[in-house]
Every structure is written in structure tokens, then in C-alpha cells.
Asks: 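For reference, the structure I am asking about is given below.
Excluded from the calculations below are hydrogen atoms, water molecules and symmetry mates; all remaining heavy atoms, backbone and side chain alike, are included. In the text below, chain A, chain B and the rest are named by the order of the sequence lines, each starting its count at 1. The model shown is predicted, which means the values in this text are computed figures rather than measured ones.
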There are 2 protein chains.
Amino acid sequence: MVQIPRTPASVPSPAPRAVPTSADVARLAGVSRATVSYVLNNASAVRISEPTRRRVREAAEELGYVPHAAARSLRAGHSRMVVMPAPTFPVGPLYHRFLGELQGALGRLDYTVVQYGTVGLPGDEAARVWAELRPVAVLVPGPGLGPQGVQVLKRSGARAVVTLGTEPVEGAHALLMDHEAVGDCAGRHLYDRGRRRIGVVVPREPGLGLFSAPRVRGVRRAVHDSDATVTELPLGYDERDAERLAARWDTLGLDAVFAYNDEYAMLLCRALQDAGVAVPGGTAVVGADDLMLGRLLRPRLSTVHIELPSARDLAELVDRAVRDPGAAPERHKVLGATLVHRESS
Amino acid sequence: MVQIPRTPASVPSPAPRAVPTSADVARLAGVSRATVSYVLNNASAVRISEPTRRRVREAAEELGYVPHAAARSLRAGHSRMVVMPAPTFPVGPLYHRFLGELQGALGRLDYTVVQYGTVGLPGDEAARVWAELRPVAVLVPGPGLGPQGVQVLKRSGARAVVTLGTEPVEGAHALLMDHEAVGDCAGRHLYDRGRRRIGVVVPREPGLGLFSAPRVRGVRRAVHDSDATVTELPLGYDERDAERLAARWDTLGLDAVFAYNDEYAMLLCRALQDAGVAVPGGTAVVGADDLMLGRLLRPRLSTVHIELPSARDLAELVDRAVRDPGAAPERHKVLGATLVHRESS
DNA sequence: TTGAAAGCGTTACCAT
DNA sequence: ATGGTAACGCTTTCAA
């Protein structure tokens, strides 16, 4: 592609044109840098004549001037950037949608959401890197941030640190996703339907232990002090592993299984049926997440519907925390779990 | 939470402690700011005595000093930030994984990937906002960036602009996802299996037209100059709409359907079966994306396996472009499409 | 081996 | 109504 320089034709200028600054705009418009700033930021405190405004605007347009965010926030001493590290665990469609809505909600409150792709640094190292951006708030999904990290972030000016996970972190606001409730919900349902020997699928995939462990605990809690038993069933997300598990199903002597989520449930369901295990006749199956696809299975999949926190509420929590950084960390239980009974249980 | 000031006990300091700067570190260590910079950046050009180095490091540690990225890149005149706007279309698991790998690959090349959550500005407005961050490269998935936007980005110092979509954009490197090939692959397969009246599902969901339109074109191309017909079938991603479509299936007189992707395929498959249409006996069904879950359907779903570009290759393309910004825009066709024949066709 | 000073692009204060 | 100037935090050249 040929470079077409806008600089006077006499100059050869093979070097790429430098990025225009507000000084360039000022020069072209014949005013001072201050005036440029006033005009472009619609400063109401000072009155600039209309012709001047036009000249400045035209000069900015002609040069293709774009303000330099770093310089601006350096000068201002603060920014409205919210850093959200990319989750380190495989994220389902539910959660994915939630993150999208959250971005939207924060955007509407005039924050700039930046999802930071942390390569794989250990928690408190990562916090340092995020802190270098001097975000006004940090929203951390999952674990990987300790009290140390929170300190680092706050010390470097973050007015709000919010974690979204299963455990609270000292010094940070916490949205606690109560995965035990999910397991409890499933366990209670299966028990009520007369099942007593309950299997619980534990995904082999790394990173999911965070969610699966509390879900297992929830099931155990649900049938605590009863005659029911709970058996953990490691399962990788692939057909062959499901087949292997189904092949030894009889030896396990289970009459129900909570399959971690709908995807694992569908996988296992199919394998069980292929192995000649009747669902729900021989074994009841319950998933979680209430995915559309679970409804398409035969039998239709019973599932734990999970209600994630409202993106708007979370955005407002962040905003509140930013406005009043001194306030005590809030702690909210989120994740409503309700059972949707269909045909597989 | 009680604020515990580290400042001398005599000072009341109810105001939050200011964020430490390199000047604070210098003062505490009893050296100049220059020395601090040298030590903390391991500058090899100058030799600093070991005791001094230690004093500086300890001072930085004690104050919890974290360098200010904005100030640094302002001074340096460039950064290694790669801005990747969040896709505006609903993104499937395939694409999601790809984006994750891409982040990793770029991170390994020492770029800092920042996924920018654009609220919903029209294309070239958005480009301005991205440009304010002065990224060294911009990676735009999907449409929403015109030649204007590319100009804005380049003028503000972006050394590489890469689009990942269906159409090339003037001035930008392009990774062209050939969705026509997906449709072509499906259409050819159905034709070869003797099907002549082919339906193509077109999702009603907004934002998906970008992919569905070329896929339809691909099917048409595959059966061009033959006796086969192609019928577009609008379908929303919900059970009732699928039911409605299935109810009038007989009147459509189709013997095959390419269902846009596996999820729509599963939805439609179930609705067809419920309506008494045999699959593949009466109607053959083909999906796309080769999801695990498609394999679990009965009959197992035939599908178009889609090969996304290698994240490493793309990262290297970006790196190459950054190193040589003057080079002509590269244009690569990506997206290998191969049919996986199972039982539904 | 270390320090002083300039400058990156902005904006807010204080003159004019 | 407009312009000069200083300062934000950092790196780097030059001088000691």
C-alpha cells in the first residue's frame, strides 16, 4: 500500500508521520494548547468564541487527532478503567453471557472495562501487573487473588477490589457463589424422589475442582444424617471415558447421579443408555445450568437452574465501592439454585 | 475496615496514603530517581553497586511500589498493548477457545492483550476509543471496522491492524473466515447423498447474519446448475419456534436440512422427531462446529468440522506486522471445512 | 557510580 | 476570552 503523506508535497517524508498531539492541533488552529483542551472537552467554565471552536475542531479533524488516554489519566491522577482478569477456568455459556452483561452495565456507568489476559502468573504476581494499569477497580473472577494481592491493588490506587468466587478474600468485596447450594438442591431432590445411592460426577478437567468440590459437599450435606450414600465419580469430558464409567455402572450399585452440569449429564446419560441402563428407571440423572440443549435430550434432563447475580447489581456494587472506598467490604451470597424437574429423575 | 497507616505513628493521616512513586522509593533509599529506575529495570548499561541495589529493592518492597504503566509508555513513546475488542456477536465455545489461545500466544510473544468491552458504538466511533489507548496492534473480530477506522488507528500509532472476519478491510491485514466453504461442504454432502430439496436454517438471532448469509450462499453454490433447490428457514433458538417449523415440515417438501450449526441442528432434530419426521429417513440433518454434544444425539449428528486458524500463526502474523508496519496487508483464507459423516444424513 | 534535568501529552490554575 | 506554565510518573542522556 502506498503511503500518501498529507505533509506539503515538497517534503519526501518516507518516515511514517508522527502521531498528532494537541500541540499540533493548536499550531494548526493558531491557538494555545489550553484552548484546544477546552474546546475538545467542552469545558463549560471558560467561554471560547464560536469561530475559535470551529477552527480547533476542524484542525483536529484534519490531523486525525485522537487524545492520548495515558497522558490524560496521568495528568488527571485517576482513570475509570475497570480491570477484569480473564477467568482461568473453562467458562460455560451461562457465565460467559454474564460477563458480557457486566461489561455492558459497567459501560453504562461510564466505566471502561478491560479484560486482561493474564498469561499464567501466580496470583500475587498477577496483581502487580494489573496494578501497573492503575485501574479504579478490579473485578476478579475465581481464585488466584490473595490478601497480599488485594493490598497491592489498593496501595496502587484501586478504589474497589471485588472478587467473584467461592471464598471471601480479606480486604476485598466478595460475591460468593454458593456452589454448595447447587449440590444441596440436587441431592435433596434425588433423596425426595426416593433415591438412596447417589453418585456425583467430578470433572477431571483441571480448574473445575473449584466448583465441583463444593457441589459434592452440598450433596453430602443434603443427605447428611440419612441412610443415603454419596459416591464421587471422576469423569473426563469425552465419550470414551463416559463409556468406561457406564461399563462398570452395575458394579457401583447407584440409583441416581448428579452430573456436575448439563453437559456432563448429557454425556453420561447417553453412555448409560448405550450400556443398557434405564434413565430414570434404573438411574436418575440430574444436571445443572439449565441449558437449552438439556431439554432436547430424551428423557428431558432434570437440572438445577442457576441464577447468576444481576449484572446491573454488580455494576452498582462496583460503583458504590468506587465512590466510597473506605466502606467495609460487602459480602453477598449470589447464585440462586432451584431445581427444574423434567423427565430424567 | 480500619485503615492501618504505615506512616509514622505521630501523623494522624486519615486521608488515604498516596500511591508511592519512584521518587518515594528514591527518597527512602537515599538515591536519585534515575538510580531507582536503573535498578528496578535491571539496566545493564550502567553499573550500580550491590549495596545500592539492595537498598533500592528493599525500599520499593517496603513501600509496595508498583510502576505506573501509563507513565512508562508515555515516556517510551510506545507500548506492547494489543487491543482486541470484544466480539459483538454471540460467540460459541469453539471461537471462545480460540480467543483464549490467541491471548496465550500473544502473551508468550510478550504482548499484553487487552480485551476491550466496547459498549455499542458504531464502528468508526469505536476505533477512536481504541486508538486512545495507543495500542501497538489492534485485532478486530467480526465486522464493525471500516477503512476509516483503520486509518484512525494507524494514524494514532497502531503498527498493525488485523481483522478477523468475512470481508477484507482496506488497509488492514485480514484473516478471512470462509463461511461459504462451510455451506458448500454441507450442500455438496447432502447432494451426494441424493438429497435434492435442501433447507438451510437461518438463525433469527441478530448478529448471526454475518455467518449465516455466506453459509447459505455456499449451499447454493454447491448445488448450482443442478436440479436441487435451496430453501431458507428462519429459526429462533428456542423450542417453540422449532416446534412451529417442524409442524409445517410436510408442506415444505424438503428431504434435507443444513441447520447452521450443531446447536440449531439439535434443536431442529428433536422437533422434527417429535413431529414424526424420520431422521435421516425422511429428512437428513447436518450441523456445523463438530461439538461434542452432537455426537450424543440419536441419530449421531453429521456435522461440518471447522478448523480455526492456529492461534500461534495469528500471533506471529501480528508480531510480523508490528515489526514491519510498512509491509503490504496480508490476506489469509482461514477456516478449513471438512464434513464429518455420522448418522443423521 | 550517581545525580540533575529534559521531555512524553494532558489539563488546571492563574495571568493577561 | 485566551494563553503561559506547571505538574502528573517515568526513563534516559549528559555531566560530574
Asks: Using a strict heavy-atom distance below 4.0 Å, which residues from residues 65-75 of chain A are in contact with DNA chain C?
Replies: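 Within residues 65-75 of chain A, the residues near DNA chain C are A:Tyr65, A:Val66, A:Pro67, A:His68, A:Ala71, A:Arg72, A:Arg75.
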Asks: Output the rounded distance in Å from CD (A:Glu132) to P (D:dG9).
Replies: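 One finds 15 Å between P of D:dG9 and CD of A:Glu132, rounded.
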Asks: Nearest heavy-atom pair of A:Arg134 and B:Pro67: which atoms, and what distance?
Replies: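 Heavy atoms only, the tightest pair is NH1-O, 3.4 Å.
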Asks: Any chance CD of B:Glu61 has more than 12 other-residue heavy atoms, nucleotides or ligands included, within less than 6.0 Å?
Replies: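 Atom CD in B:Glu61 is not crowded, with 12 or fewer foreign heavy atoms closer than 6.0 Å.
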Asks: Report, as yes or no, whether the 6.0 Å neighbourhood of atom CD on A:Gln148 holds more than 12 heavy atoms from other residues, nucleotides or ligands.
Replies: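 12 or below, so no.
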Asks: Kindly give the heavy-atom pair with the smallest separation between A:Pro135 and A:Trp130, and that separation in Å.
Replies: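 Where A:Pro135 meets A:Trp130 most closely, the heavy atoms are CD-O, 3.4 Å.
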Asks: How bent is the helix from C:dT1-D:dA16 to C:dT16-D:dA1, measuring the angle between the end axes built from five pairs each, rounded to 10°?
Replies: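 Inter-axis angle at the ends, rounded: 50°.
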Asks: By nearest atom, which of the nucleotides D:dT12, D:dT2, D:dT11 is closest to the B:Ala34 side chain?
Replies: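 It is D:dT12.
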Asks: Does a side-chain N-to-carboxylate-O contact under 4.0 Å join A:Glu101 and A:Arg97?
Replies: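 Result for this pair is yes, salt bridge flagged.
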Asks: How close or far is atom C1' of D:dG9 from atom CG of B:Asn41, stated in whole angstroms?
Replies: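 Result: 13 Å.
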Asks: Looking only at heavy atoms, what is the nearest atom pair of B:Thr163 and B:Ala172, with distance?
Replies: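 Result for this residue pair: CG2-CB, 4.1 Å.
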Asks: Answer yes when A:Asp124 and A:Arg128 have at least one side-chain N-carboxylate O distance shorter than 4.0 Å, and no when they do not.
Replies: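 So A:Asp124 does not pair with A:Arg128 through a salt bridge.
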Asks: Is B:Arg323 salt-bridged to B:Asp319, cutoff N-O under 4.0 Å?
Replies: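 Salt bridge present between B:Arg323 and B:Asp319.
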Asks: If you count every heavy atom of other residues, nucleotides or ligands that lies below 6.0 Å from A:Arg312 atom CZ, does the total exceed 12?
Replies: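 12 or below, so no.
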Asks: At the 4.0 Å heavy-atom cut-off to chain A, mark where contacts on DNA chain C begin and end, going 5' to 3'.
Replies: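 Counting from the 5' end, contacts occupy C:dG9 to C:dC13.
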Asks: Taking for each residue the nucleotide of DNA chain C with the nearest heavy atom, is it B:Arg33 or B:Val46 whose nucleotide lies nearer the 5' end?
Replies: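 Nearest-nucleotide comparison on DNA chain C picks B:Val46.
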Asks: Nearest heavy atom decides the nucleotide; on that basis, is B:Thr21 or A:Thr52 closer to the 5' end of DNA chain D?
Replies: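 Comparing both residues, the 5'-ward one is A:Thr52.
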Asks: Could you check which of D:dG3, D:dT2, D:dA6 has an atom nearest any side-chain atom of A:Tyr38?
Replies: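 Between D:dG3, D:dT2, D:dA6, the one nearest the side chain of A:Tyr38 would be D:dG3.
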Asks: How close do B:Arg57 and B:Asn42 get, heavy atom to heavy atom, and via which atoms?
Replies: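 That would be NH2-OD1, 3.4 Å.
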Asks: Minimum heavy-atom separation for A:Val113 and A:Gln103, please, with both atom names.
Replies: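 So the two residues come closest at CG1-NE2, 3.7 Å.
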